[in-house]
There are 2 protein chains.
Amino acid sequence: MPKNCNFIEKLREVGLRPTKQRIKMCEVLYNREDTFHFTINDLVKMISEEMNEKISLATVYNTVHAFEKKGYLKEISINSDKSYFDTNTSAHHHFFDEDTHQLIDCDKSDIDKINIRKNITGKKINSVEVLVRVASDNQTQK
Amino acid sequence: MPKNCNFIEKLREVGLRPTKQRIKMCEVLYNREDTFHFTINDLVKMISEEMNEKISLATVYNTVHAFEKKGYLKEISINSDKSYFDTNTSAHHHFFDEDTHQLIDCDKSDIDKINIRKNITGKKINSVEVLVRVASDNQTQK
DNA sequence: CAATAGTTTAGAATTATTATAATGTAGATT
DNA sequence: AATCTACATTATAATAATTCTAAACTATTG
């Protein structure tokens, strides 16, 4: 979803009812300059603040998953205790800062196209993602 | 840990007490031809069978983490509901079969070395891992 | 073989996520 | 605009993975 668009229309277009909660969620997610990486908990807090009232955890889970299914959000693979999501739904790679647990997008120009020479019979490739784990320079190598 | 080695000695070498549970875990993990990918639950079942008695979940968690810290095991990044571990601790990439939830190793020759042109100030790169998600050919693209 | 430091264990606690069932609401129909 | 209906939201319960705890146990040291 492009920023500053009419979220009510956008939601309707893909068959999601524009409820108060979903519109607020859109505002939090897409009214911003940059790509946004978040966990469900981050989002609950931010939407609650934005609305000046509580939003239910279940609603955020449901809506995030609805958005994901519609291609508004992308889940990012971190072997962590929790799930991360990304408003940048295009194929791209990430840095993960192991000190702060922050995700950083990788521009296309940062990593060459990855060529996979192995083939798995009867299977097709759904995605190819690179995760670069970084940490403070003065820490011991993992 | 190479296969068929003396696990008691190996454990001692890195400062882990060779208990009955740890030795059995070594046997399950390393007395095999190929790399082994597993979840904690897989391992609990296999060790219990091997020992012909129950092993506590907590012990498996503790010991897996101890082995990971000592470099005997490597955790693999899947944004899943559970953690996967790998007896192949060298830097390498994976296929993840989204139908069967199986991990498959990627040989060095299957993917070219990945060159990262981005630099994050004050941070060093700990690891670069590629995850290739595959699924049945006749399924809709994710 | 006793001391002790590390280990295992069952079960409780915690955390992320999903399910449930009652209530609320958007949009269509009158 | 009142009503209907399907979908949404909510609080709460359920589930699942993982970690914590404190007591019992055991490998090593002296």
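Here is how names work: the chains are called A, B, and so on, in the same order as the sequence lines, proteins then strands, and each is numbered from 1.
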Might you work through the side chain to side chain donor-acceptor pair (under 3.5 Å) test for Asp105(A) and His37(A), ending with a clear yes or no?
CA-CA 9 Å; Asp105(A) 268 9; His37(A) 299 109; 2.7 Å; yes

Classify every nucleotide of nucleotides 6-18 of chain C by which part a protein heavy atom approaches to under 4.0 Å, writing B for the base, S for the sugar-phosphate alone and - for neither, in 5'-to-3' order.
BSBBB-----SBB

Quick one: do Ile78(B) and Ile76(A) end up in the same hydrophobic cluster if we chain Ile, Leu, Val, Met, Phe, Trp and Tyr together by side-chain heavy atoms under 4.5 Å apart?
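Per the 4.5 Å side-chain linkage, Ile78(B) and Ile76(A) are not co-clustered.
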
Does Asp107(B) come within less than 4.0 Å of Arg117(A), counting only side-chain N to carboxylate O?
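Looking at Arg117(A) together with Asp107(B), the answer is no, because their closest N to O distance does not fall below 4.0 Å.
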
Say whether Asn62(B) and Thr59(B), considering side chains only, have a donor N or O and an acceptor N or O under 3.5 Å apart.
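On atom types as modelled, these side chains do not qualify, holding no pair under 3.5 Å.
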
Between Arg133(B) and Ser77(A), is any side-chain donor less than 3.5 angstrom from a side-chain acceptor?
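Checked: Arg133(B)/Ser77(A) side chains pair up, N/O donor to acceptor below 3.5 Å.
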
Whole angstrom value for the distance that separates [atom2] of [N] from [atom1] of [X]:
X: Lys24(A); N: dT9(D); atom1: NZ; atom2: P; result: 15 Å
X: Leu43(B); N: dA17(D); atom1: CG; atom2: P; result: 15 Å
X: Ile47(A); N: dA8(D); atom1: CD1; atom2: P; result: 16 Å

May I ask you to evaluate whether Arg12(A) reaches the phosphate of dA26(C), defined as a side-chain N or O under 4.0 Å from OP1 or OP2?
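Indeed not, no polar side-chain atom of Arg12(A) lies that close.
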
Can you tell me how the ring of Phe38(B) sits relative to the ring of Phe85(B), calling it parallel under 30°, perpendicular over 60° and tilted otherwise?
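Phe38(B) vs Phe85(B) ring planes: parallel.
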
